Amino acid sequence: MYLYNHLPAGALLSPLLLCTNTWVATASATSQSFNGCNQLTAAGLQDLVLLPQSDAYVDREASYWAANVPLHPDCIVQPRSTEEVSRVVKVLAKANGPVALRSGGHTQWAGSNDVHKGVTIDLGRMTDVTYDTHSKLASIQPGPRWGDVYQELLKYHVCVTGGRDGNVGIGGFLTGGGNSYYAGLYGLACDNVANFEVVLANGDIVNANATSHSDLWTALKGGSGNFGIVTRFDMYTFPAKNLWGGIRAAARSKGDELAQTMVDFTNDNHKNPEDAYIINYTFNPGSSSDILVAYVVVDTNGIVNASAFDKILKVPVVVDDVKTRTMANMANSYLLPSDQQQVWFSLTFKNDVRVIKRAGEMHDKLVSELKGLIPAGNFTTQCLFQPIPTLFAEHSVQRGGNMLGLDKVKENALLWLITGATETPEQQMIMREKLTAFSATLEKFAESKGLTVNWQYLNYVDETQNPLKSYGQYNINFIRKVAAKYDPSSMFQKKVVSGWKISKVDA
Ligand SMILES: Cc1cc2nc3c(=O)[nH]c(=O)nc-3n(C[C@H](O)[C@H](O)[C@H](O)COP(=O)(O)OP(=O)(O)OC[C@H]3O[C@@H](n4cnc5c(N)ncnc54)[C@H](O)[C@@H]3O)c2cc1C
Ligand SMILES: *[C@@H]1O[C@H](CO)[C@@H](O)[C@H](O)[C@H]1NC(C)=O
Ligand SMILES: *[C@@H]1O[C@H](CO)[C@@H](O)[C@H](O)[C@H]1NC(C)=O
Ligand SMILES: *[C@@H]1O[C@H](CO)[C@@H](O)[C@H](O)[C@H]1NC(C)=O
Ligand SMILES: *[C@@H]1O[C@H](CO)[C@@H](O)[C@H](O)[C@H]1NC(C)=O
């Protein structure tokens with residue numbers, strides 16, 4: 001028997017869970033009458049509870065982005081307001097059994113946002129997006145998706161630092177960091193939250209901002225779900241302008257040339273903070289039988305052919321979807337397909353072309369090996385690099401600081417992400433084995449050249465990685481201290497099992 005590390009001790013599961021994501025539980029249920037679902041009903045909250053037989057339950061389990069993450073809880077509870085979140089938390093704090101939390105349900109690893117034998121708190125019905133013309137803050141509940149937020153805020157001609165894919169959720173993104181096309185101008189998305197409204201483990205509702213519970217405000221910027229449930233994010237806004245940007249793709253043979261443009265762009269990002277760039281070695285037989293080097297360019301001021309992209313735009317392309325458009329249009333134009341089995345790994349490196357070139361070569365080999373193991377059309381890959389210039393952390397420090405520890409990284413860096421999508425759990429196992437090895441090999445290569453940066457992005461990494469540990473001892477201690485202060489019963493360490501837990505960090 002294995003002990004699946006995202007379930008509490010005692011919830012013993014068949015090894016099948018690890019091998020195929022089949023949710024075969026062998027644990028005997030804890031005392032039925034004190035289980036969370038019964039207790040919610042006993043407290044008069046039955047209207048918020050979805051049971052497995054209902055269509056609504058089936059729809060919500062199907063609404064997760066990755067096919068490998070729904071774990072089929074005993075019930076789902078859907079509060080509609082902050083007060084209802086508070087009532088739900090008070091009941092579940094006293095009930096038996098584990099609890100999971102989800103906002104958008106976009107995280108790709110099983111155990112990040114759902115639970116098998118237990119209750120999942122689903123914030124998907126809290127979808128308000130409002131704008132206050134006086135404070136110029138946008139108030140966003142955790143339940144909508146970024147595409148909805150941009151569309152709604154367009155009515156007021158403002159925008160926020162949100163996700164680049166319109167389907168991405170709010171709560172995980174904003175508490176985990178949040179990289180947007182606006183990071184060069186305003187820093188990471190978490191640094192643009194002026195105030196978090198939070199339901200604590202005892203049901204209290206507090207505001208965490210620069211002048212009230214400021215330790216909790218700082219901790220929630222990157223410290224994820226370790227402290228409470230955020231029920232509203234009040235974000236700084238800026239005028240919504242049309243941007244110029246989109247996806248283009250070049251032949252694989254242009255890879256080394258584009259790799260050098262990424263390094264140069266990253267080093268110059270402080271001169272052109274309104275510009276964003278991502279490069280993407282990708283195999284997607286739905287659009288091309290060859291590996292392509294796709295890239296995203298964005299000028300958030302809407303300047304066509306902005307000069308920061310001069311060298312990039314000289315490289316011939318086979319796909320070109322770059323145009324002048326709104327952020328809402330951009331976000332809703334590139335939705336990564338849902339309902340597939342996902343495996344992601346992410347690391348960070350010094351801004352050096354050798355790492356990109358090596359990753360590109362390794363990706364060629366990966367695709368050719370996968371072709372012999374998984375039927376055509378059943379897998380896609382992306383091997384992405386994006387800039388993490390020191391500029392981002394400078395914005396963060398100016399805005400009050402966050403938990404990520406990027407201010408300790410003194411050189412421009414590259415954030416690397418590899419994603420592998422497959423159709424079946426058996427194929428996912430093959431993908432997992434390949435990407436585990438890929439990540440380890442690329443890390444060894446970087447080590448051998450002195451190019452590692454000991455930092456992991458919580459919102460991208462695999463469940464076997466350790467992002468909170470990479471935030472550094474000072475921030476680990478800070479997260480621990482704030483978690484203990486606002487959650488003295490350790491509800492968000494022990495009972496709420498989803499996501500990254502500071503109590504599991506051994507440092
Ligand atoms: C297709 C795709 C595109 C992406 N694009 C980007 C991108 O452009 N930039 C980027 O930075 N990241 C991106 N990501 C990663 C993304 O930031 C994470 O997946 C993020 O966790 C999604 O947020 P969510 O609300 O859907 O999280 P969920 O999966 O719903 O929740 C995950 C965990 O987050 C915590 N959490 C969620 N809501 C709350 C809350 N209200 N209060 C307290 N804790 C909470 C909890 O620990 C929860 O268990 C992308 C992911 C995908 C799949
Ligand atoms: C900070 O919290 C206090 C106390 O709730 C509140 O009065 C104030 O308006 C909040 N500030 C912001 C920017 O939301
Ligand atoms: C990577 O490129 C593929 C193929 O063009 C595209 O579908 C995908 O959206 C790109 N991914 C990102 C994150 O830009
Ligand atoms: C932008 O560049 C493309 C080719 O790279 C060219 O066709 C187009 O005319 C340019 N547009 C402007 C406004 O400079
Ligand atoms: C996956 O592979 C199977 C077997 O070769 C094939 O029938 C199916 O169409 C493929 N699925 C996709 C989405 O291409």
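Remember, it's a predicted structure, so these values are computed and weren't measured experimentally. Just so it is clear, the values below take in all heavy atoms, side chains as well, and ignore hydrogens, waters and symmetry mates. We're numbering straight along the sequence, starting at 1. Note that ligands are numbered from 1 as they come in the structure, with each ligand's atoms numbered from 1 the same way.
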N or O contact, G377 vs ligand 5, cut-off under 3.5 Å =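 Yes, since at least one N or O of G377 sits under 3.5 Å from an N or O of ligand 5.
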Report, in ascending order of atom number, the atoms of ligand 4 lying under 4.0 Å from any heavy atom of V304.
->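 Within the 4.0 Å cut-off of V304, ligand 4 contributes 11 (N), 12 (C), 13 (C).
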Answer yes or no: is there an ion pair linking D462 with R432, defined by an N-O contact shorter than 4.0 Å?
->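 Salt bridge present between D462 and R432.
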Are any of the N or O atoms of N284 closer than 3.5 Å to those of ligand 3?
->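 The answer is no, given that N284 and ligand 3 share no N or O pair closer than 3.5 Å.
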Please indicate whether any nitrogen or oxygen in Y334 is less than 3.5 Å from any nitrogen or oxygen in ligand 3.
->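 There is no such contact.
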Steps toward salt bridge (Lys or Arg N to Asp or Glu O under 4.0 Å) verdict (K365, E369) | CA-CA 6 Å; K365 183 161 163 274; E369 286 174 6; 3.4 Å; yes
When the aromatic ring centroids of F379 and F283 are compared, is their separation below 6.0 Å?
->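 Yes, ring centres under 6.0 Å apart.
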Taking the six-membered ring where the residue is Trp, are the ring centres of Y186 and F238 under 6.0 Å apart?
->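 Yes, the ring centres sit under 6.0 Å apart.
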For atom 4 (C) of ligand 3, state which one of T282, I278, V318 supplies the nearest heavy atom.
->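 Comparing heavy atoms across T282, I278, V318, the nearest one to atom 4 (C) of ligand 3 lies in T282.
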For atom 9 (O) of ligand 5, decide whether some protein heavy-atom distance is shorter than 4.0 Å.
->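 No, because not a single protein heavy atom sits under 4.0 Å from atom 9 (O) of ligand 5.
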Compute whether any side-chain donor of one residue and acceptor of the other, for T324 and N242, lie under 3.5 angstrom apart.
->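 Short answer, no.
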Would you say R248 has any N or O atom under 3.5 Å from an N or O of ligand 4, going by distance alone?
->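 It does not: no N or O of R248 is found under 3.5 Å from an N or O of ligand 4.
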